[in-house]
Structures are given as structure tokens and as C-alpha cells.
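This report refers to the structure that appears directly beneath it.
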Amino acid sequence: MNELVISDRVLAWFAHHGRRGLPWQVLRTAYRVWVSEIMLQQTQVQTVLRYFPPFVERFPNVTALARADLDEVLRLWSGLGYYARARNLHRTARILVNEYDGNLPLDHERLQCLPGIGRSTAGAILALASDQRHPILDGNVKRVLCRHQAIEGWPGHARVTKHLWQLADEYTPHQHSVAEYTQGIMDLGSMVCTRVRPRCGACPLRADCRAHAQARVNDFPEARPRRGLPLRRTTFVVVRRPDGCVLLERRPTVGVWGGLWSFPECSSEKDAKDWCLRRFGQRPAVSLRLPLKRHRFSHFHLEISPIVLDIAAPQRCVMEVDSVLWYKGGESKIGGLPAPVAGLLNGLLPNS
Ligand code: SF4
């Protein structure tokens, strides 16, 4: 196989059909490329286009991001999901200020040691922001390579991953246009070699694509070996005061929905009432049982039973000021909210 021919074909395709004029391409700095690459992990470009501009307007550089409260960062991330990305972005910004004068190190080894930046993201940042030659292997690129070479096995297996990195390295041009090629191969995966119904007729790699030649395009990449995701259950306790405010608590920064604002949780309705008695000195009746909600995490499903407990104005209520608040909706100051919490607030508080 002539690898230069592959990169040349990707470059020629990119020149006519690739994405151009994206906000992080127009004003291309290492900081903006980094933020965009983190947002684009597991998220489509169309979605990122809604989140990127307000994020970089509020945090135009590493220093501004490092100085911000995590709460505010999470608020601007709300709805984008995978909140560990936002927490790592914030942590990394602080490391950059403390150890690198507020700049991203343009060095692959150092870059991939920073929180949230793996080998592929480090390669993409360096290729796109400073035209350094590094292969990348995000989900889109894996799909193109697996199909082009008809690679058997789940890409998450170490043996397959190693093979894919070798191919990614071979395909990356040596002499020139690394930034264009990197953007081009990612675009090819997301625009042509799509997960469902790839447009092989428009693909520059079709002539020697093995999956296409074997009419097995849908067999690659192989799916992760199936293990049914476990189901966990929880009860969201929506404590409501007579003025309509509901109680929210900030979750610990480590773990699921770390640092986001959510409802208190109990294991059952009875526990919820006991908890209310301990916390507020009153045992309310359940005012409302809301429909069950299901939320899918990468490693489990969560089944949520939301109940609304109306309480009289609390006589006894120990508040840790930074991690508890009574929310009445329409307030811009609140931090990030997990999607099921935002959905419930929308239904309960018209101004949320
Ligand atoms: S020919 Fe089809 S399957 Fe092969 S790389 Fe192109 S779009 Fe993907």
C-alpha cells in the first residue's frame, strides 16, 4: 500500500469537502484547539458549535479559565455531558498557570501527562495548533482505519489498538500538511465514513477499502463484547418550600456528576421521609410521585424515582452554605446541572 497516496487522497478530499471556518479554526491558538478537542470527545461538531463560543468568550485564555470557579465552568458545560472533561479542563488550566506560565506545552510527552489529555488528543492539539507530526486515533479515525483495512476485533483490545496506532502513524504525512490531514481524516470519519450508512460513493479511500470490497462495511469496527449494563436505582428527593424553592445540593467533586448540583438522594420513599425528619424536624407526606426517569452512563443505567416532599418553612435546617441552596428557578448563578435534574427543574419551576 502506498501510504502517501492515502494521505494525498484525504488531503484532496479535505480541500473540497472538509470542515472549514469552525470557530477554533478561524482563530487558531493552542488554547482554543485544546478546548475544542476536549469538547469534541464523544460529542458531535454540531453540538460543540453551540457550547464553544460562549465558553471561550467567558474564558478567552488559560488564565481566565484557571481563575474561574469550577461551578461556573460546569454551568457553561451543562448539557454537554461527560463532566469529568470540564473538571479536567479546569484542573489542567490551573496546572498550566502554576507550572507553564499559562501556556500549553507544545511537547507531546508533557501534554499527554496533563489531566484529560490522552495520546490522541495531545497529537491532535499539536498537529492542529502547531503542525507537528503526530498520529491521532479518535473514534472517527478508528472507524475509518478499521474499515479501510477490515481489521477484525474490538478496537478497545490492546492488540487491535496497537495495530491501529501503527496504521494511524503510517497514514500521517511526513513532509507537509499535517494539520490539514489531521482535520481531514477526522472529518472523513464524521462526514463520510459514518457509523450508520457510510457514504462510500463519496469516499476518497473507496478504491482500496477492504471492508467495502468485501461488502462488510457494517462489520467494522467490531462492537465491544456485550456485557449487559447493570441497573442502579435511586430516589431523587425534591424538597419544596411553601415559596416554591427546591433544595439542591452540590455533589462531591469525585464520582458520578462530580461537582454538579442535584437533588438529595435516598434509597426509598421511607428513607426520604426519615431523612426529612432528621434534617428539617418534620415528616412530610409525599406530595407528588413523578414518572420514573432512566439515565444511561457508560458503565450502568440509573433508574430514578423522583418524589416531591412539600415542607413547611424549615424550622431546623443545617446548611453548608457552599454546597446547599434553595433554588427558585431563573437564577443565572447556579452551576452545572445533570440532564435529569435540569429536566425535572424545567417541569417543576417554569423559569428554570
Ligand atoms: S469506502 Fe466506505 S467504508 Fe471504506 S473508508 Fe470509505 S466510507 Fe468508510
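In listed order, ligands and their atoms are each counted from 1. Numbers here are sequence positions counted from 1.
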Whether the R147 and H212 side chains hold a donor-acceptor pair (N or O, under 3.5 Å, no angle test) is what I'd like checked.
no

Go through the steps for F280 and L247 under the test side-chain contact (heavy atoms from CB on, under 4.5 Å), then give the verdict.
CA-CA 12 Å; F280 302 107; L247 186 73; 3.9 Å; yes

For atom 4 (Fe) of ligand 1, what is the number of protein N, O or S atoms at a distance under 2.8 Å?
1

Option among C266, S305, S262 that satisfies the side chain to side chain contact (heavy atoms under 4.5 Å, CB included) test with F236
S262

For A150, does its backbone N or O pair with a side-chain atom of R216 as donor and acceptor, under 3.5 Å?
no

With a 3.5 Å cut-off and no angle check, do the side chains of R143 and N140 form a donor-acceptor pair?
yes

Residues that Y181 engages under ring-ring contact (aromatic ring centres under 6.0 Å, His included), provided they are two or more places apart:
none

